[in-house]
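What follows is a set of notes on a single structure, which appears directly below.
Just so we're on the same page: letters track the sequence lines, and every chain starts at 1.
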There are 2 protein chains.
Amino acid sequence: MAEEIAGLGDPIRTLELMWGRAPAPKRGPKSRLSVAELVAAAVAIADAEGIGAVSTRRVAEAVGISPMSFYTHIPDKAVLLDLMLDAVATGQAGEPTTPDFHPANWRANVTLVARSFRSFYLAHPWALQIGTHRPVLGPNTIRAYDNFLSVFDGLGLSEVEMDLCVILVANYVHGAVRDVVRAKMVKAQTGMSDDEWWYTIEPFLQTMDFSPYPVASRVGAVVGELYGLGDHDLAFDFGLERILDGLERLIEGKAATPPGAATVDGKPPSA
Amino acid sequence: MAEEIAGLGDPIRTLELMWGRAPAPKRGPKSRLSVAELVAAAVAIADAEGIGAVSTRRVAEAVGISPMSFYTHIPDKAVLLDLMLDAVATGQAGEPTTPDFHPANWRANVTLVARSFRSFYLAHPWALQIGTHRPVLGPNTIRAYDNFLSVFDGLGLSEVEMDLCVILVANYVHGAVRDVVRAKMVKAQTGMSDDEWWYTIEPFLQTMDFSPYPVASRVGAVVGELYGLGDHDLAFDFGLERILDGLERLIEGKAATPPGAATVDGKPPSA
DNA sequence: CCCAATCCTGTACACTGTAAAGAGTTATTT
DNA sequence: AAATAACTCTTTACAGTGTACAGGATTGGG
């Protein structure tokens, strides 16, 4: 398995493809396929078999062209990955652009987008494995960003603070969902669940001396007994709640402070 | 780049290698190399050229054995990746196991471990690209976990809560450092900085209609003008500060509540 | 008509992880 | 001492990857 770094191709060409702005060819045969068909086929493969199964040959075969014809439509695999990411980004299909936000309850709104972001990763786990080299500035991605930002709008935060809040929550969700996705993928590939794995290694762990790690062994014992390898849903909600508390202090500080006194990092001027 | 999923090999064998507990071979020629030498060579390659440059052949060549001899020492590449992760985990070498924690200032302590965790990823960016299938239960990794946990010890938190706090902060750091690392890697591979990339695509962006994304375009304009693609250090500190505020509410609540009253999962601690 | 642009294809190369089989070395058993 | 089992290391081989290159087929503009 390799690294899957996307976006090393010509940035302009990538953007043109993503926005459907590629200049229409004047001469030559009409192509039998659209870029969208290739991307859809690639996404289908990734959803079904993981990103590792997505190769240029596989995608070409899926749409019924020869391996090298792929490169007629998409410059290289990195661009394909960018296109895939934007294709599945929340905001298209049946999903409403702006779901039912509570006007006066920003905590509920943030929880909503965080959960929806989490659901996105659970639906397309391979998205976690793609390391985009540059931000994917496609229409769907930007719509998702817009949607995410809007839950922090009108709360007295500066634009920079709004951006930082989105980054904070997005980073947290990304990190939190990684473990769940990993466990699922490994289970699918090996047939061994986290629990089975744990029981397999447990006898070995018994033979070892954990006294150099006092806190870890104490906590690990309690946590392991209660949840095995950990309850991912519980961990997600716990972390999100802490982040919401942290944001609340920032936002309440803003409400109590006249606009203009705002500082970039959002520290409430503790009088 | 591909997925680099680690840990699909025999779990016990992996643990034995990681803890140096492999039963010493009784017959046969002495091997000229130790597993540690192979792992060190792999880490050196990854540090210098990225995880993509780490192949079993490259590692074998680096230590002066034939390609297939690699498999005499390490079952497969997935195990190598696990060994690499534990080899670089914080806690070994000259680093003190427990740096100078302030006894009464947990915020400073959390900030310290968070920054140190961040430094780790910046020193070994390839660690971000490895998706471990199972937790890496090596000595260095556990020591790092122990160290991380200890900053939440003695604050009135339950064991489960301590674990969840570590997960929260670790997830956040992981997510936050991703962008910095990505930018660095792309710059190294393409010679194009984020700023140069931005200037390249800017003319294209000018031709587009962003009115469907009102909040994003407003925020993007301000943020882009101030920081280009974003100030990663600023974003890191901002997010960490919010998280610390959130943790503070939890911890202060604990201090005001007699132990045994309530825990996050509702289960009372053994009291 | 001619030619340039474009789509599609087959061949080829260097690279990957690793299966399989064997050669050489060593310690234990007979 | 001889046989054997265990071990290290090697060569060969295979199926897969991304994609460079060269050419054939088709289309529209001059």
Side-chain angles (χ1 to χ4, degrees), chain A residues 1-10 13 16-17 22-35 37-38 42 45-46 49-82 84 129-130 189, chain B residues 1-10 13 16-17 22-35 37-38 42 45-46 49-82 84 129-130 189:
Chain A
M1 327 172 181
E3 308 108 63
E4 308 284 11
I5 295 191
L8 298 163
D10 179 6
R13 182 102 183 88
E16 284 175 347
L17 289 172
K26 289 303 168 192
R27 325 181 190 192
K30 305 290 177 195
S31 67
R32 292 174 243 150
L33 293 104
S34 65
V35 172
E37 287 176 84
L38 280 165
I45 295 172
E49 302 175 47
I51 196 70
V54 176
S55 72
T56 56
R57 283 176 174 84
R58 262 302 289 282
V59 174
E61 186 195 72
V63 300
I65 59 180
S66 81
M68 283 309 288
S69 292
F70 173 91
Y71 292 95
T72 305
H73 305 275
I74 296 174
D76 50 50
K77 194 185 180 181
V79 173
L80 172 69
L81 296 176
D82 271 356
M84 289 171 68
Q129 297 176 257
I130 299 182
Q189 279 181 32
Chain B
M1 326 200 178
E3 307 106 65
E4 308 286 12
I5 295 192
L8 298 164
D10 180 6
R13 183 102 182 89
E16 284 175 347
L17 289 170
K26 291 301 169 194
R27 329 182 183 190
K30 307 288 176 198
S31 66
R32 293 173 241 148
L33 293 104
S34 64
V35 171
E37 287 175 85
L38 280 165
I45 295 172
E49 302 174 47
I51 197 71
V54 177
S55 72
T56 56
R57 283 175 173 84
R58 262 300 290 280
V59 174
E61 187 196 72
V63 298
I65 59 180
S66 81
M68 284 306 289
S69 292
F70 173 91
Y71 293 95
T72 304
H73 305 275
I74 296 174
D76 50 49
K77 195 186 179 183
V79 173
L80 171 69
L81 296 176
D82 271 355
M84 288 172 67
Q129 298 176 257
I130 299 181
Q189 279 182 30

Measuring to OP1 and OP2 of C:dC8, would you say a side-chain N or O of A:S66 lies under 4.0 angstrom away?
no
Contact under 4.0 Å: A:T72 side-chain N or O vs C:dC8 OP1/OP2
no
[X] [atom1] to [N] [atom2]: how many Å, rounded?
X: B:F70; N: C:dT18; atom1: CZ; atom2: P; result: 8 Å
X: B:L80; N: C:dT18; atom1: CG; atom2: P; result: 10 Å
X: B:M68; N: C:dA23; atom1: CE; atom2: C1'; result: 15 Å
X: B:I51; N: C:dT16; atom1: CD1; atom2: C1'; result: 14 Å
X: A:E37; N: C:dC7; atom1: CD; atom2: C1'; result: 15 Å
X: A:H73; N: C:dA5; atom1: NE2; atom2: C1'; result: 15 Å

Tell me every residue that passes side chain to side chain donor-acceptor pair (under 3.5 Å) with B:S31, counting only those two or more places apart in sequence or in another chain.
none
Return the set of residues passing side chain to side chain donor-acceptor pair (under 3.5 Å) with B:S69 (not counting sequence neighbours), or none when no residue passes.
B:S66
Before you tell me yes or no, could you show the steps for B:F70 and B:L80 under side-chain contact (heavy atoms from CB on, under 4.5 Å), namely the whole-Å CA-CA distance, both residues' side-chain angles and the distance that decides it to 0.1 Å?
CA-CA 10 Å; B:F70 173 91; B:L80 171 69; 3.9 Å; yes
Can you work out whether A:I65 or B:P67 has the more 5'-proximal nearest nucleotide on DNA chain C?
A:I65
Nearest 0.5 Å, please: how far is [atom2] in [Y] from [atom1] in [X]?
X: B:I65; Y: B:E61; atom1: CD1; atom2: CD; answer: 11.0 Å
X: B:D76; Y: B:R13; atom1: CG; atom2: CZ; answer: 10.5 Å
X: B:T72; Y: B:R32; atom1: OG1; atom2: CZ; answer: 10.0 Å
X: B:I45; Y: B:M84; atom1: CD1; atom2: CE; answer: 8.0 Å

Mind grabbing the angle between the end helix axes of the helix from C:dC1-D:dG30 to C:dT30-D:dA1? Five pairs an end, 10° rounding.
20°
Does anyone know the first and last nucleotide of DNA chain D in reach of chain B, 5' to 3', at under 4.0 angstrom to a heavy atom?
D:dA5 to D:dA13
Base, sugar-phosphate, or nothing: which does A:S55 touch, judged by heavy atoms less than 4.0 Å apart?
sugar-phosphate
Decide yes or no for B:P23 and B:E16: does some side-chain heavy atom of the first lie under 4.5 Å from some side-chain heavy atom of the second?
yes
For DNA chain C, find the residues of residues 24-32 of chain B with a heavy-atom distance under 4.0 Å and give them by number; none if there aren't any.
B:K26, B:R27, B:G28, B:P29
Below 3.5 Å, can you tabulate the donor-acceptor pairs from side chains in residues 50-59 of chain B to any protein atom, sequence neighbours excluded?
residue	atom	partner	partner atom	Å
B:S55	OG	B:R58	N	3.1
B:R58	NH1	B:E49	OE1	3.4
B:R58	NH2	B:E49	OE2	2.9

Taking all non-hydrogen atoms of both residues into account, name the closest pair between B:H73 and B:L33 and its distance.
CE1-O, 3.9 Å
